[in-house]
**Q** 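Just passing along the structure, written as structure tokens.
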Amino acid sequence: MEEMKNPSGTSLLVPSVQELAKQKMSTVPQRYIQPQHQDMVVRSEEANCGLQIPIIDMKNLLSVESGSSELNTLHLVCKEWGFFQLINHGLSSSSVERVKLEIQDFFNLPMAEKRQFWQSPQHMEGFGQVFVGGEDQKLDWGDLFSITTLPKHLRMPHLFPKLPLPFRFYLSLSDMCVSICILIFQKKPFVM
């Protein structure tokens, strides 16, 4: 059987930052030092400079009266910020907290268990870091888990079915939210 290639690309494998941190190193490995951030100092008044994470209201997206306006806001926020907080999405705060706990539990699994979710040279998805293109590339001091959940036919068969059941369940909840958003976008396409 031919192995499915990930359409999002591949990434070089690098050691787990969680495992590196356990080694009680006296200095951060050079590969993780970002020269553009070395002299950066964050002061408390800078931290409170008034920037707020953009908020998108799902009720407004679904509304006949304000849907177009909110959709334009969503488009702008995606282009300018790349992320946003979604409110009025229909998930209870306890469900959102449960998702956070499941993600935290997943990252706290022993490394031996996480290895079954590790990235491979053929797949960028999985546990590790993404978009690593060379041995001298500067890296973020953190691990991540990347997975495609929708459309279902693009799921990596070596990842999704092996996830712990509660984590899989809560990822499926997020699939429902994404499906609703896709329906909205099909109904009200962006005007460029």
Side-chain angles (χ1 to χ4, degrees), residues 5-11 34 36-37 40-107 119 123-133 138-156 159-160 163 165-192:
K5 296 287 184 200
N6 188 335
S8 59
T10 61
S11 185
Q34 306 278 344
Q36 71 273 22
H37 301 299
M40 193 177 285
V41 176
V42 177
R43 295 189 179 96
S44 60
E45 58 269 13
E46 288 176 349
N48 297 320
C49 66
L51 289 178
Q52 292 184 337
I53 295 174
I55 295 174
I56 299 297
D57 190 324
M58 189 72 159
K59 279 187 181 175
N60 288 344
L61 279 173
L62 296 171
S63 164
V64 173
E65 297 84 33
S66 58
S68 293
S69 172
E70 194 72 6
L71 192 61
N72 289 336
T73 301
L74 175 62
H75 178 71
L76 179 67
V77 164
C78 288
K79 276 179 40 178
E80 300 295 322
W81 285 76
F83 60 90
F84 55 88
Q85 178 183 357
L86 183 66
I87 61 170
N88 294 321
H89 42 65
L91 292 176
S92 68
S93 57
S94 62
S95 290
V96 172
E97 286 304 311
R98 189 67 195 169
V99 170
K100 289 180 189 177
L101 287 172
E102 291 300 330
I103 292 169
Q104 192 172 34
D105 287 350
F106 180 74
F107 273 85
Q119 295 168 328
H123 301 104
M124 188 181 306
E125 291 184 32
F127 186 79
Q129 290 200 22
V130 295
F131 305 114
V132 180
K138 295 294 183 181
L139 301 176
D140 292 326
W141 186 252
D143 296 322
L144 62 83
F145 180 71
S146 172
I147 187 167
T148 299
T149 61
L150 287 175
K152 289 183 179 182
H153 72 275
L154 290 181
R155 288 179 179 171
M156 293 289 108
L159 285 180
F160 198 84
L163 291 173
L165 189 56
F167 188 36
R168 237 182 315 151
F169 171 75
Y170 285 104
L171 281 176
S172 296
L173 278 182
S174 69
D175 285 354
M176 288 189 300
C177 287
V178 171
S179 296
I180 291 169
C181 287
I182 290 169
L183 289 173
I184 291 168
F185 296 143
Q186 287 173 344
K187 185 174 139 186
K188 304 174 186 177
F190 286 130
V191 178
M192 302 282 182

**Q** Is there a side-chain contact between F160 and I147 in this structure, where contact means two heavy atoms from C-beta onward sitting under 4.5 Å apart?
**A**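 Yes, close enough: below the 4.5 Å cut-off.
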**Q** Are the side chains of I103 and F145 in touch, meaning some heavy atoms are under 4.5 Å apart?
**A** no
**Q** Please round to the nearest 0.5 Å and tell me the distance separating atom CD of Q119 and atom CG of D143.
**A**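 Result: 9.5 Å between the selected atoms.
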**Q** Go through the structure and list residues passing side-chain contact (heavy atoms from CB on, under 4.5 Å) with S94, not counting sequence neighbours.
**A**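 Scan of S94 (side-chain contact (heavy atoms from CB on, under 4.5 Å), adjacent residues dropped) gives S92.
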**Q** For F127, which residues count as a ring-ring contact (aromatic ring centres under 6.0 Å, His included) partner, sequence neighbours excluded?
**A**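 ring-ring contact (aromatic ring centres under 6.0 Å, His included) check on F127 returns F107, W118.
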**Q** Out of curiosity, L74 CG to M58 CE, how far, rounded to the nearest 0.5 Å?
**A** 10.0 Å
**Q** On a heavy-atom basis, which atom in R168 and which in L163 lie closest, and how many Å separate them?
**A** NE-O, 3.2 Å
**Q** Are any non-hydrogen side-chain atoms of T73 and N60 less than 4.5 angstrom apart?
**A** no
**Q** Which atom pair, heavy atoms only, marks the closest approach of E125 to L154?
**A**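 Residues E125 and L154, closest heavy atoms: OE2-O, 4.5 Å.
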**Q** Please round to the nearest 0.5 Å and tell me the distance separating atom CG of D57 and atom CG of L86.
**A** 8.0 Å
**Q** Can you name the closest pair of heavy atoms from S146 and L159 and give their distance?
**A** O-CD1, 4.3 Å
**Q** In Å and rounded to the nearest 0.5 Å, what is the CD to CD distance from Q52 to Q85?
**A**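 The CD atom of Q52 sits 10.0 Å away from the CD atom of Q85.
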**Q** So how far is it from L62 CG to L71 CG, rounded to the nearest 0.5 Å?
**A** 11.0 Å
**Q** So, taking the atom named CD in E70 and the one named CD1 in I56, what distance separates them when rounded to the nearest 0.5 Å?
**A**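 The distance works out to 5.0 Å.
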**Q** Please check if the number of heavy atoms outside K138 that lie under 6.0 Å from its NZ is greater than 12.
**A**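 Check passes, neighbour count above 12.
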